[in-house]
Amino acid sequence: MPLGIYVHIPFCARRCDYCDFFVVVGGGSPGEFFERLNDDIDLCAAALQATGSLVDTIYFGGGTPSSVDPAEVARLLDRFGRRFHLGSDPEITLEANPESVTPQSAAAWRAAGVNRLSLGVQSFNDSVLPRRGRLYDAAGACAAVRVARGSGFDNVSVDLIAGLPGETSSSFLAGIARLVDMAPDHASVYLLETDDALKQTPLTLALREGRERLPDEEATVTMYTGAVERLVGAGYHHYEISNFAQPGRESRHNLKYWRSEEYCGVGPSAHSCLGGRRFGRPADMAGWIQEIREGLFAPLKDDYTLEEASARAREALVLSLRLIDGVDLVEFARRWDFDPAVELSREIDDLRREGLLASRGASLSLTPRGVLLSNEVFARIH
């Protein structure tokens, strides 16, 4: 099965207050970074020689990949093309912030081989964006979509976050209306995650100290359910909890994660799942560079493989249930040697009685209520 490759480019002009990814703000050493990233690509290619190197998706994430010189993206894609077989129709995605999308940059990305642009808009509310550290306004976000279209991108995704401080259900749904009017090929609507005790973002600290307040739960639910209703009504396929696509425009790369397929990560903090092993690169520049200098691609110290087969199967079930169409339990049992209908019969029966899971023949899926309470569902079957 073809692999996906994730490339982490950490550079940002400013850290948004909700972000907990590894980023480098205010410069860093891009020259050395890209030299080492080329080395990381070579280590990945060498590690894959035993299992094949057919790749059909490449995803540039970050950080803000669109903030670096497009020539660097072109050079990376050239190296991927020389080190891997990319197939006849690879999906090559670049995450971009609206302020960095210009006719010149968009044309350069297309010329380099990028064929899918993922725009991190997050909100169309001009009173919310600057408070979160974003460097554009709603008009700039709309302009970025127009520029992408004018530069030949026929696969454009727009990301929004429901539940940001200062957002209301009416303002958020007005933003959904603007999104529908722009007709991107794909949309993501994420719920703001702030309840993780390990998160130490500026926003989570401000919330704990009472300097910021979230919309109440009812308003956030209205944002999400209203977004689902309007996007589905506009012809988008709601194919994953947070993701919507025009026909044939589902994210091929992200589907690999939800289907527990194999992927390779290069760059600091990038993660891989190869040959049954899962491992990550250090989330700091010095540690990542040191591993590369030592010629390490999959060091044991960063291994987080689940050892028990049943634990791997449960995790795969959780990931698959994120897909709105659900899980074919017969096929799942064949692949994982684990039959949820038997091994998790009590949990599944309880969740069905509570209206959180539904069965259709051999298929198991979240109900609309189960989607809203998906974290609870997943905790009970993981």
Side-chain angles (χ1 to χ4, degrees), residues 1-12 19-25 27-65 68 72-86 90 92-95 198 200 253-254 256-257 260-309 311-312 315-316 319:
M1 185 172 292
L3 298 162
I5 294 181
Y6 173 79
V7 187
H8 190 78
I9 298 179
F11 303 107
C12 286
C19 175
D20 66 344
F21 295 112
F22 170 67
V23 301
V24 174
V25 177
S29 302
E32 181 184 9
F33 170 80
F34 284 107
E35 288 181 14
R36 300 290 77 78
L37 191 57
N38 282 324
D39 294 339
D40 207 357
I41 292 169
D42 292 344
L43 289 171
C44 175
L48 289 170
Q49 284 182 353
T51 58
S53 57
L54 176 61
V55 169
D56 68 346
T57 69
I58 300 175
Y59 192 104
F60 291 94
T64 311
V68 304
E72 296 290 1
V73 176
R75 282 190 280 270
L76 289 172
L77 286 174
D78 178 70
R79 198 174 193 92
F80 279 121
R82 287 186 283 113
R83 298 295 278 146
F84 300 89
H85 175 54
L86 300 184
I92 301 177
T93 302
L94 181 94
E95 288 185 348
L198 297 178
Q200 296 294 322
H253 183 83
N254 288 338
K256 292 182 184 295
Y257 302 147
S260 300
E261 297 174 0
E262 293 199 329
Y263 51 90
C264 175
V266 296
S269 79
H271 291 257
S272 301
C273 179
L274 297 169
R277 276 197 63 201
R278 304 189 313 168
F279 51 91
R281 284 299 203 185
D284 69 273
M285 198 69 79
W288 171 66
I289 290 174
Q290 183 60 35
E291 283 192 356
I292 292 171
R293 286 175 175 164
E294 294 174 3
L296 301 174
F297 181 69
L300 291 175
K301 67 177 182 180
D302 294 311
D303 189 293
Y304 59 104
T305 305
L306 296 174
E307 296 299 331
E308 294 185 7
R312 293 196 298 272
E315 181 182 72
L319 290 171

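The 12-atom threshold is not exceeded at CZ of Phe21, counting heavy atoms of other residues, nucleotides or ligands nearer than 6.0 Å.
Listed by chain and number, the residues in a side chain to side chain contact (heavy atoms under 4.5 Å, CB included) with Ala311 are Leu306, Glu308 (sequence neighbours excluded). Tyr257 meets the side chain to side chain contact (heavy atoms under 4.5 Å, CB included) test with Tyr6, His253, Asn254, Tyr263; sequence neighbours excluded. In this structure Glu72 satisfies the salt bridge (charged side-chain N to carboxylate O under 4.0 Å, His left out) test together with Arg75, sequence neighbours excluded.
Interatomic distance, Arg293 CZ to Trp288 CH2, rounded to the nearest 0.5 Å: 10.5 Å. Considering CD1 of Ile92 and CG of Asp56, their distance stands at 10.5 Å, rounded to 0.5 Å. Going from atom CG of Leu76 over to atom CD1 of Ile41 covers 5.0 Å, rounded to the nearest 0.5 Å. Annotation: the span from Asn38 atom CG to Phe33 atom CZ amounts to 10.0 Å, rounded to 0.5 Å. Rounding to the nearest 0.5 Å places NZ of Lys256 at 7.5 Å from CE of Met1.
Under the 4.5 Å side-chain criterion, counting only non-hydrogen atoms from C-beta, Pro268 is in contact with Pro10. Met285 is not listed as a side-chain neighbour of Glu32, based on a closest heavy-atom distance of 4.5 Å or more. Between Leu48 and Phe84, some side-chain heavy-atom pair lies under the 4.5 Å cut-off. Side chains of Val55 and Phe80 form no contact here, defined as non-hydrogen atoms less than 4.5 Å apart. Residues Pro282 and Gln290 fail the side-chain proximity criterion, which asks for heavy atoms closer than 4.5 Å.
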Next item on the list: Please assess Arg83 against Asp42 for the test salt bridge (Lys or Arg N to Asp or Glu O under 4.0 Å), listing each intermediate value before the final yes or no.
Entry: CA-CA 7 Å; Arg83 298 295 278 146; Asp42 292 344; 3.1 Å; yes

Margin query: Arg36 vs Asp40, test: salt bridge (Lys or Arg N to Asp or Glu O under 4.0 Å). Steps then yes/no.
Written below: CA-CA 6 Å; Arg36 300 290 77 78; Asp40 207 357; over 6 Å; no

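Of all heavy-atom pairs between Phe279 and Phe297, the closest is CE1-O, 3.4 Å. Closest approach of Glu262 and Gly276 over heavy atoms only: OE2-N, 4.0 Å. Shown here for Leu274 and Cys264, the closest heavy-atom pair between the two residues is CD1-CB, 4.3 Å. Residues Gly4 and Thr57 share a closest heavy-atom pair of CA-OG1, 3.2 Å. Closest approach of Val73 and Leu94 over heavy atoms only: CG2-CD1, 4.2 Å. In this structure, Val7 and Ile58 approach most closely via the heavy-atom pair CG2-CG2, 4.1 Å.
A donor-acceptor contact shorter than 3.5 Å links the side chain of His8 to the backbone of Phe22. Proximity of a side-chain donor or acceptor of Ser272 to a complementary backbone N or O of Gly265 within less than 3.5 Å is detected. No donor-acceptor distance shorter than 3.5 angstrom exists from the side chain of Arg281 to the backbone of Ala270, with no hydrogens or angles considered. Judged by distance alone, the side chain of Asp302 and the main-chain N or O of Ala298 form no donor-acceptor pair under 3.5 Å.
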